[in-house]
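Encoded as structure tokens, the structure appears first; notes follow it.
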Amino acid sequence: MISFDEAVAEIGRVAKPRGFESVSIEEAAGRVLASPVVAAIDSPRTDVSAMDGYALADADLRAVPARLTIVGESFAGAGFGGSMGAGECVRIFTGAPVPAGADRVVMQENVRREGDIAIFESAPGNARHVRVAGNDFRSGDQLLDCGRFLDPRGIVAAAAADIAGVQVYRRPRVHILSTGDELAEPGSATSRADAIPESVSFGVAAMANQWGADVTGRSRLRDELAGMRSAAASAAKEADLVIVTGGASVGEKDFAKAMFEPAGLELVFSKVAMKPGKPVWLGRAGEALVLGLPGNPTSAMVTARLFLAPLLAGMTGRRMEDALGWRNAPLEAPLAECGSRETFHRACWSGERVQLVGNQDSSAQNALAQADLLVRQRPNSPRLEAGGLVQTLAF
Ligand SMILES: Nc1nc2c(c(=O)[nH]1)N[C@H]1C(S)=C(S)[C@@H](COP(=O)(O)OP(=O)(O)OC[C@H]3O[C@@H](n4cnc5c(N)ncnc54)[C@H](O)[C@@H]3O)O[C@H]1N2
Ligand code: MOO
């Protein structure tokens, strides 16, 4: 049995992107850049006004009040085509090109207008209200680095670079196999004695999508080795990552690993000294990675959060740390000493402190939905009093 940190290090070794593709800016949100975004234009492209008002030459306001003749208008998208001389100004709007000959914009609130004459009663302040060409970025500037997750802010910069598309890492194809004779489609559990709703694969699929995967297949399998083996072989051929739920322990029908043997399963790790989630395992079958999650729903979702999220971060070209951002937070109540397995308690954030949820059973589904944090407790660490700091991870 390896430690949690050793298991995370193994995840880091295997979690590599599987190629890249070009997508339009429209499709790029939530993807990760496989090549940098380089600006194709200056921004702004020319000197533009930062205010609605009047563009003029500073020299014309040396003596105030000043009366300048309005010789035209400049709008964003339709600049002033003419020329502006001494004693003249141009009506201008925010984002519009500043005409040649002007080096300042005066806000319209500080200007009185009489027909074609603009009257400037007082000396303007220091602010010229002109955004100089290229002051945001220049053509050729690298705006976003390779590996950048295209969040809404990044997408703005990518589009502003005036490029039609970007190169991003391919979304890993994920196939989820849930095992167990007892499992039934939600809504149909009572139609069969001893059946329960299959719940885990839905949470695992949601998490896989959240971390950038494309869930291309979902299958519910009976505990029958021949059928499981053929499902395992075809999932391993079709997917980059196969996730198996259940059958990870030592029961007589726990076939999760055995089902991949004919597909050439090589284990990376099997069993981690953690609670919950001890039976979690990782392997390869041909080109595919295979992640085995315990069947107990809380164990499955805790191990998915701790291993699937960083695995997909790496497979989509992100840093693994993006998925494992631990933060210190104070405890609401004392925490008993930890046993020999590293423990990940389910907890809630009250706004000021961390409170463990009441039901810490690894089969819990109601308490699972209440928890928004995991609290990490190192093996054999001593009791902590209320107010003591613990490491937490958004769950
Ligand atoms: N003798 C031992 N028994 C067990 C050990 C052990 O070390 N020695 N480990 C325990 C631990 S820890 C866990 S966790 C479970 C994990 O077992 P499996 O991965 O083999 O899971 P199953 O037996 O298939 O199922 C466990 C439990 O979860 C329910 N389940 C399974 N899949 C789903 C699903 N997709 N949706 C909803 N619920 C699911 C299943 O009905 C069982 O109740 O083993 C312990 N035993
Ligand atoms: O993973 Mo099991 O506790 O961890 O029920």
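Keep in mind it's a predicted model, so treat the numbers as computed, not measured.
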Decide if atom [atom1] of [X] counts as having more than 12 heavy atoms of other residues, nucleotides or ligands within a radius under 6.0 Å.
X: Arg284; atom1: CZ; answer: no
X: Lys257; atom1: NZ; answer: yes
X: Glu121; atom1: CD; answer: yes
X: Glu385; atom1: CD; answer: yes
X: Glu26; atom1: CD; answer: no
X: Arg383; atom1: CZ; answer: yes
X: Arg45; atom1: CZ; answer: no
X: Asp151; atom1: CG; answer: yes

- Query: Only one of Arg171, Arg318, Arg170, Arg148 clears side-chain contact (heavy atoms from CB on, under 4.5 Å) with Val32; which?
  - Reply: Arg318
- Considering the options Leu291, Leu293, Ile176, Val290, which one meets the side-chain contact (heavy atoms from CB on, under 4.5 Å) requirement together with Val244? Val290
- Item | Stepwise salt bridge (Lys or Arg N to Asp or Glu O under 4.0 Å) check, Glu21 with Arg31 | CA-CA 11 Å; Glu21 61 187 347; Arg31 306 294 296 273; 2.5 Å; yes
Kindly indicate whether the side chain of [X], heavy atoms from C-beta on, has any atom under 4.5 Å from the side chain of [Y].
X: Pro97; Y: Asp47; result: no
X: Thr298; Y: Met301; result: no
X: Pro172; Y: Leu312; result: yes
X: Ile11; Y: Leu282; result: yes
X: Val38; Y: Asp141; result: no
X: Leu289; Y: Val242; result: no

Give a yes or no on whether [X] and [Y] share a hydrophobic cluster (residues Ile, Leu, Val, Met, Phe, Trp, Tyr; joining criterion: side-chain heavy atoms under 4.5 Å apart).
X: Leu373; Y: Val390; answer: yes
X: Leu177; Y: Val268; answer: no
X: Val8; Y: Val375; answer: no

Hydrophobic cluster partners of [X] (side-chain heavy atoms under 4.5 Å):
X: Leu389; answer: none
X: Leu56; answer: Tyr54, Leu61, Leu68, Ile70, Val106, Val111, Phe120
X: Val168; answer: Val23, Ile25, Leu33, Val37, Phe137, Leu143, Leu144, Leu150, Ile155, Ile163, Val166

- Return the minimal non-hydrogen interatomic distance between Pro279 and Pro294, and the atom names on each side. CD-CG, 4.0 Å
Under a plain distance cut-off of 3.5 Å, with no hydrogens placed, do [Y] and [X] share a side-chain donor-acceptor pair?
X: Thr94; Y: Asp52; value: yes
X: Ser199; Y: Gln365; value: yes
X: Arg327; Y: Thr392; value: no
X: Gln108; Y: Arg113; value: no
X: Ser219; Y: His175; value: yes
X: Ser363; Y: Asp361; value: yes
X: Glu27; Y: Ser24; value: yes
X: Gln391; Y: Arg378; value: yes
X: Ser3; Y: Glu342; value: no
X: Gln377; Y: Thr343; value: no

Interatomic spacing from [atom1] in [X] to [atom2] in [Y] - rounded to 0.5 Å:
X: Gln360; Y: Lys275; atom1: CD; atom2: NZ; result: 9.0 Å
X: Thr179; Y: Glu224; atom1: OG1; atom2: CD; result: 12.5 Å
X: Phe260; Y: Trp281; atom1: CZ; atom2: CH2; result: 5.5 Å
X: Phe395; Y: His345; atom1: CZ; atom2: NE2; result: 13.5 Å

- Stepwise salt bridge (Lys or Arg N to Asp or Glu O under 4.0 Å) test for Asp181 and Lys253: CA-CA 9 Å; Asp181 286 337; Lys253 289 189 174 181; 3.4 Å; yes
- Message: Does the plane of the ring in Phe20 sit parallel, tilted or perpendicular to the ring in Tyr169? Use 30° and 60° as the thresholds.
- Response: perpendicular
- Where does the angle between the aromatic ring planes of Trp326 and Phe344 fall among parallel (under 30°), tilted (30 to 60°) and perpendicular (over 60°)? tilted
- Backbone of Ala323 reached by a side-chain donor or acceptor of Arg305 within 3.5 Å: yes
- Query: Could you walk me through whether Lys278 and Val272 pass the side chain to side chain contact (heavy atoms under 4.5 Å, CB included) check?
  - Reply: CA-CA 5 Å; Lys278 183 182 67 176; Val272 178; over 6 Å; no
- Begin with the C-alpha distance, continue with both residues' side-chain angles, and end with the deciding distance and a verdict on side chain to side chain contact (heavy atoms under 4.5 Å, CB included) for Arg128 and Asp103. CA-CA 7 Å; Arg128 288 176 171 259; Asp103 54 11; 3.6 Å; yes
- Query: Under the side chain to side chain contact (heavy atoms under 4.5 Å, CB included) criterion, do Leu311 and Leu241 qualify, and how do the steps go?
  - Reply: CA-CA 10 Å; Leu311 182 59; Leu241 170 64; 3.8 Å; yes
- Task: Give a yes or no on whether a salt bridge exists between Glu185 and Arg220, defined as a side-chain N under 4.0 angstrom from a carboxylate O.
- Result: yes
- From CA spacing to verdict: salt bridge (Lys or Arg N to Asp or Glu O under 4.0 Å), Arg138, Asp42: CA-CA 4 Å; Arg138 289 269 177 209; Asp42 295 342; 3.2 Å; yes
- Decide salt bridge (Lys or Arg N to Asp or Glu O under 4.0 Å) for Glu114 and Arg67; before the verdict, give the C-alpha distance in whole Å, the side-chain angles of both, and the deciding distance to 0.1 Å. CA-CA 10 Å; Glu114 286 177 3; Arg67 294 170 67 86; 3.7 Å; yes
- Task: Might you work through the side chain to side chain contact (heavy atoms under 4.5 Å, CB included) test for Val98 and Arg104, ending with a clear yes or no?
- Result: CA-CA 8 Å; Val98 173; Arg104 149 184 306 276; over 6 Å; no
- Message: Does the structure place the NZ or CZ of Arg319 under 6.0 Å from the centre of the six-membered ring of Phe149, at an angle of no more than 45° from the ring's axis?
- Response: no
